[in-house]
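Below: one structure, written as structure tokens.
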There are 2 protein chains.
Amino acid sequence: MEDGTYKALGYCKGTDDDEARQWDVRADCDVRHILDRIADKWSLLVIALLDRRTMRFSELRRTVDGVSQRMLTVTLRQLERDGLVSRTVYPVVPPRVDYELTELGMSLHEVIKSLVIWTEEHQQAISAARSTYDQRIAEEERQQLQVMVR
Amino acid sequence: MEDGTYKALGYCKGTDDDEARQWDVRADCDVRHILDRIADKWSLLVIALLDRRTMRFSELRRTVDGVSQRMLTVTLRQLERDGLVSRTVYPVVPPRVDYELTELGMSLHEVIKSLVIWTEEHQQAISAARSTYDQRIAEEERQQLQVMVR
DNA sequence: CAGTATCCCTTTTGATACTG
DNA sequence: CAGTATCAAAAGGGATACTG
């Protein structure tokens, strides 16, 4: 549960010949760590689904479909910590907790939306590429066997 | 090494009350699986760094900084399989292999570029949010202790 | 309902050694 | 150089039980 301690510090090295490349270049620690969090399976989905309206925990649990209670809780906590999602607890008898995107979260949502849309638009192309690749590999392996038999 | 077998099939359920939500909604298997691949730490970085020019394996290894040889290889293979990156082997004596984005990869690069830029632009905001959150939690824990002592 | 805490298994990843 | 193979360590994640 404790965070703040990052395992791989191998990233953080001084900038050397940087500034030469286009833009990402100074992949310093902060950006990398934030990207790691955002480029997370569940984070991405939660932000993608939390579009403009609040959702209750159970609603998210059902919507994200496949996420365990534990993972959803962990993910939401991280997003809350990063200021991307706000959490509102209503002190009613069957507990009720609402989640919604913050301003920051909404700006990220736009970007992630593009990513999801890209994926939807190109899933055919990717599937096709995979088939082609798999076939090529299978073919190559077959030929390898031929060679070994001789 | 064998792929094609996905662990969690819990995702893939029929569409029920879908179509009601904004856009992600039909988070069917394909899109989810592709997103999982793209929203990967190393994939993201490789695509981000592979901007418009070819790079050799060793160059990528140095640039991505922190990636192990194994992970870079695995990542590049996946990207190649997905048709996002092309791999060119030169049959020279110290082996030389060039990687570059395909058309498909370049279109994805644009989207990922937005994501990286967003991250760069908002890293301050996120850091601030984290500090605020951590302080709030620490404060709450302190108060919890107070209660328990009585 | 919305969690938290634990246990435990699986997947991921890094280190190391070896090869064309 | 650009991998592949193997193994051990670590992180991720599920199942279950319990709580305010």
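The chains referred to below are lettered A, B, ... by the order of the sequence lines, with proteins before strands, and numbering in each begins at 1. These numbers were taken from a predicted model, which means no experiment stands behind them.
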Worksheet entry | Position toward the 5' end of DNA chain C (nearest nucleotide), A/Val93 or A/Arg70 |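 The residue whose closest nucleotide sits nearer the 5' end is A/Val93.
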Measure the distance from [atom1] on [X] to [atom2] on [N] and round it to the nearest whole Å.
X: A/Arg87; N: C/dC1; atom1: CZ; atom2: P; result: 16 Å
X: B/Gln69; N: D/dT4; atom1: CD; atom2: P; result: 9 Å
X: B/Gln78; N: C/dT13; atom1: CD; atom2: P; result: 9 Å
X: B/Lys41; N: D/dA11; atom1: NZ; atom2: P; result: 11 Å
X: B/Trp42; N: C/dT11; atom1: CH2; atom2: C1'; result: 17 Å
X: A/Arg61; N: D/dG14; atom1: CZ; atom2: P; result: 10 Å
X: B/Arg62; N: D/dC1; atom1: CZ; atom2: P; result: 9 Å
X: A/Ile137; N: D/dG3; atom1: CD1; atom2: C1'; result: 14 Å

Item to complete: Write down the partner of D/dC7 under the Watson-Crick or G-U wobble criteria, each distance required to be under 3.5 Å.
Response: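 Result: C/dG14.
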Practice prompt. Under a 3.5 Å limit for both distances, which nucleotide forms a Watson-Crick or G-U wobble pair with D/dG20, could you say?
Written response: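 When the pairing criteria are applied, C/dC1 turns out to be the nucleotide that pairs with D/dG20.
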Item to complete: Would you indicate what A/Tyr99 reaches in the nucleic acid, counting non-hydrogen atoms under 4.0 angstrom: base, sugar-phosphate, or nothing?
Response: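 Since only primed, P, OP1 and OP2 atoms lie under 4.0 Å of A/Tyr99, the category is sugar-phosphate.
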Salt-bridged, [X] to [Y], with N to O below 4.0 Å?
X: B/Glu120; Y: A/Arg32; answer: no
X: B/Glu139; Y: B/Arg142; answer: yes
X: A/Glu80; Y: B/Arg136; answer: yes

Fill in: Residue whose closest nucleotide on DNA chain D lies nearer the 5' end, A/Met71 versus A/Pro95
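Between the two, 5'-proximity favours A/Met71.
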Discussion item. Taking the nucleotide of DNA chain D with the nearest heavy atom to each, does A/Ser68 or B/Arg77 sit closer to the 5' end?
Written reply: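 Final value for this comparison: B/Arg77.
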Discussion item. Does A/Glu103, at its CD atom, have more than 12 non-hydrogen atoms belonging to other residues, nucleotides or ligands within less than 6.0 Å?
Written reply: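 Atom CD in A/Glu103 is not crowded, with 12 or fewer foreign heavy atoms closer than 6.0 Å.
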Fill in: Heavy-atom neighbours of A/Glu140 CD exceed 12 at 6.0 Å
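Yes, CD of A/Glu140 has more than 12 neighbouring heavy atoms, counting only those of other groups under 6.0 Å.
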Discussion item. Can you tell me if A/Thr73 touches the phosphate of C/dG3, counting only side-chain N or O atoms and a distance under 4.0 Å to OP1 or OP2?
Written reply: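 So the side-chain polar atoms of A/Thr73 never come under 4.0 Å of the phosphate oxygens OP1 or OP2 of C/dG3.
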